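All remarks here apply to the structure that follows.
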Amino acid sequence: MHVELTEQQLARQQEFAAFVDREVAPFADGFDRAEAIAPELIEKLARAGYLALTLPVEYGGEAESMITYGLLHEQVGRGCSSVRSILTVHTMVAHAIARWGSAAQKKRLLPRLASGEMVAAFCLTEAHAGSDARNMEAVATKTPDGFRLSGHKKWITAGQIARLYLVLAQCDRQPCAFLVERDTPGLSIHPIAGMLGVRASMLADLVLRDCQVSEEMRVGPIGFGFSHVAGAALDLGRYSVACGCVGIAQACLDACERYVGHRRQFGVLIREHQLIQKMLTEAMVGTQAARLMCYRAGYLRDKRDAGAMLETAMAKYFASRMATKIAADAVQIHGANGCSADYPVQRYLRDAKIMEIIEGSTQVMETLIANIGLDSRPALENPGVGSGPQKPSDPSY
């Protein structure tokens, strides 16, 4: 496997970094305090093509590789995890439609998602069903005109601003996915505030009371809602989160480099103290290790390799735990200043902790990795990178 980025990928990485340095990072603390991102930023993301980076060209996308997609999410995560979260869920929905939507759904919705005319939100989690998604309580009842949806979705990223919602519900006791537009009668949206981290991701509760949707708004067959439609979206979401965690870790390193270069204690710069050096060393090694895991996951996803799902889960697991540790050490290095809103490391720590929960908690990842890894032990012992693409065994890929 080649871990070196191509010239095109390096150019795009520099482009993404420049965009974040100009349009995202300088405003991230303000977004965090306001618990909202500026509407014009969504427009700028759309104009730059970042809402449709991996979508097919015929729908307004750029058909970029997964590695390039990961580079974008690392850079946006470096600037603001809330912006990255909104970008992630929007792309998850677009990806699910591109993968499992009907021709009519793709033609009508994907260009609008690509252009930013619509922001999308992914609606799986409920008060009593998150990781245990198969026991969600939202219900879809068949009617002569389509389906009637009732239920309560919770912690929905971008829920406050989305114009399109991908909603998972039980239909005849089988999971099914539906597209619900914001102006659908019976849908009410309730903003959530006061979260620990990613405060500007504009979370909302969604209450569906007998929302009537047409048959044309169902995504995939009945019974495919979780294993295929949601599965495809979640797998991409985990990759996005992993790359975003690398961005958080890099932001922590950048902040610490600035701080230890001027902060003095006991007559010397604190960078001269060995215990500070230990924390910085662990941060540098952890960040690079997580970055390489993300590159590998992206490489296998581009190859449509059977091991891509496992590598993605491992990258998400490692990167999220690593980011939380590095952010905690960054606060420690900054001392009391690290606990102040005057320094961004406190925001990085709050945001990093959320990454261990969303798109599959650390414990869910441990179970998933163990189960998949044990089933594919021969492949792990001899990954066969360079032997060519294999047919993925997971239908959600």
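Computed from a predicted model, the values in this text were never measured in an experiment.
The main-chain N or O of Gly360 is found under 3.5 Å from a side-chain atom of Lys316 such that the two form a donor-acceptor pair. Using modelled atom types, one side-chain atom of Ser201 and one backbone atom of Val198 make a donor-acceptor pair closer than 3.5 Å. Between the Arg209 side chain and the Gly186 main chain, no donor and acceptor come within less than 3.5 Å of each other. Side-chain N or O atoms of Arg112 include none that pairs as donor or acceptor with a backbone N or O of Ala114 at under 3.5 Å. Here the side chain of Glu35 pairs a donor or acceptor atom with the backbone of Gly194 at under 3.5 angstrom. The backbone N or O of Ala98 sits less than 3.5 Å from a side-chain atom of Lys106, completing a donor-acceptor pair. The main-chain N or O of Ser102 is found under 3.5 Å from a side-chain atom of Gln105 such that the two form a donor-acceptor pair. One N or O on the side chain of Asp305 and one on the backbone of Gly307 form a donor-acceptor pair closer than 3.5 Å. Checked by atom type and distance alone, the side chain of Asp302 pairs as donor or acceptor with a backbone atom of Met66 at under 3.5 Å. With hydrogens and angles ignored, the 3.5 Å screen pairs a side-chain donor or acceptor of Gln9 with a backbone N or O of Thr6.
Cluster membership check: Phe31 does not share its hydrophobic cluster with Ile248, using side-chain heavy-atom separations under 4.5 Å among Ile, Leu, Val, Met, Phe, Trp and Tyr. Grouping the Ile, Leu, Val, Met, Phe, Trp and Tyr side chains by contacts below 4.5 angstrom, directly or via other members, places Leu113 with Val180. Cluster annotation: Phe318 and Met309 are assigned to the same hydrophobic cluster (Ile/Leu/Val/Met/Phe/Trp/Tyr, side-chain heavy-atom contacts under 4.5 Å, transitive). Both Leu187 and Phe122 are members of a single hydrophobic cluster when ILVMFWY side chains are connected at heavy-atom separations under 4.5 Å. Transitive grouping of hydrophobic side chains (ILVMFWY, heavy atoms separated by less than 4.5 Å) keeps Val246 and Leu5 in distinct clusters.
At a cut-off of 3.5 Å, with distance as the only test, no side-chain donor of Ser85 or Ser82 sits close to an acceptor on the other residue. Side chains of Thr88 and His90: a donor-acceptor N/O pair is absent below 3.5 angstrom, by distance only. A donor-acceptor pair shorter than 3.5 Å can be found between the side chains of Tyr69 and Ser240.
Remark: Asp210 engages Arg148 in a salt bridge, criterion side-chain N to carboxylate O under 4.0 Å. Electrostatic pairing of Arg199 and Asp351 does not count as a salt bridge here, judged by no charged N lying under 4.0 Å from a carboxylate O. Salt bridge annotation for Arg12-Glu64: present, with a cationic side-chain nitrogen under 4.0 angstrom from a carboxylate oxygen. Salt bridge present: Asp29 and Arg347 bring a charged side-chain N and a carboxylate O closer than 4.0 Å. Ionic pairing of Arg78 and Asp21 is present here: one or more N-O contacts between side-chain nitrogen and carboxylate oxygen are shorter than 4.0 angstrom. The residues Lys325 and Glu356 are annotated as not salt-bridged, no charged nitrogen and carboxylate oxygen being separated by less than 4.0 angstrom. Note on Lys142 versus Glu215: salt bridge recorded, some NZ/NE/NH1/NH2 to OD/OE distance being below 4.0 Å. Salt bridge annotation for Arg108-Glu181: present, with a cationic side-chain nitrogen under 4.0 angstrom from a carboxylate oxygen. A salt bridge links Glu74 with Arg291; the closest basic N to acidic carboxylate O contact falls under 4.0 Å. Ion pairing between Glu23 and Lys44 holds under the 4.0 Å rule for side-chain N and carboxylate O.
Side-chain contact between Arg350 and Gln346 is present, with at least one heavy-atom pair separated by less than 4.5 Å. The side-chain heavy atoms of Glu311 and Met293, taken from C-beta on, include no pair separated by under 4.5 Å. At least one side-chain heavy atom of Leu124 sits less than 4.5 Å from a side-chain heavy atom of Met136. For the pair Gln170 and Asn135, the minimum side-chain heavy-atom distance is 4.5 Å or more. No side-chain heavy atom of Ile357 sits under 4.5 Å from any side-chain heavy atom of Gln363. Ile333 places a side-chain heavy atom less than 4.5 Å from the side chain of Leu280.
Under the 6.0 Å cut-off for aromatic ring centres, Phe16 and Tyr50 qualify, their centroids lying closer than that.
In this structure, Arg99 CZ and Asp235 CG are separated by 11.5 Å, a value rounded to the nearest 0.5 Å. A distance of 13.0 Å separates OH of Tyr348 from CD1 of Ile326, quoted to the nearest 0.5 Å. Here CZ of Arg271 is found 12.0 Å from NE2 of His262. Values are rounded to the nearest 0.5 Å. For the atom pair Ser115 OG and Leu51 CG, the distance stands at 8.5 Å (nearest 0.5 Å). Taking CE from Met365 and CD from Glu359, the interatomic distance works out to 9.0 Å, rounded to the nearest 0.5 Å. Remark: Tyr343 OH to Tyr259 OH distance equals 5.5 Å, nearest 0.5 Å.
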Residue pair Thr324, Met355: steps toward the side chain to side chain contact (heavy atoms under 4.5 Å, CB included) verdict:
CA-CA 8 Å; Thr324 302; Met355 301 304 112; 5.9 Å; no
Working for side chain to side chain contact (heavy atoms under 4.5 Å, CB included), residues Ile97 and Val229:
CA-CA 8 Å; Ile97 295 172; Val229 182; over 6 Å; no
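Atom CD of Gln332 has 12 or fewer neighbouring heavy atoms from other residues, nucleotides or ligands inside a 6.0 Å radius.
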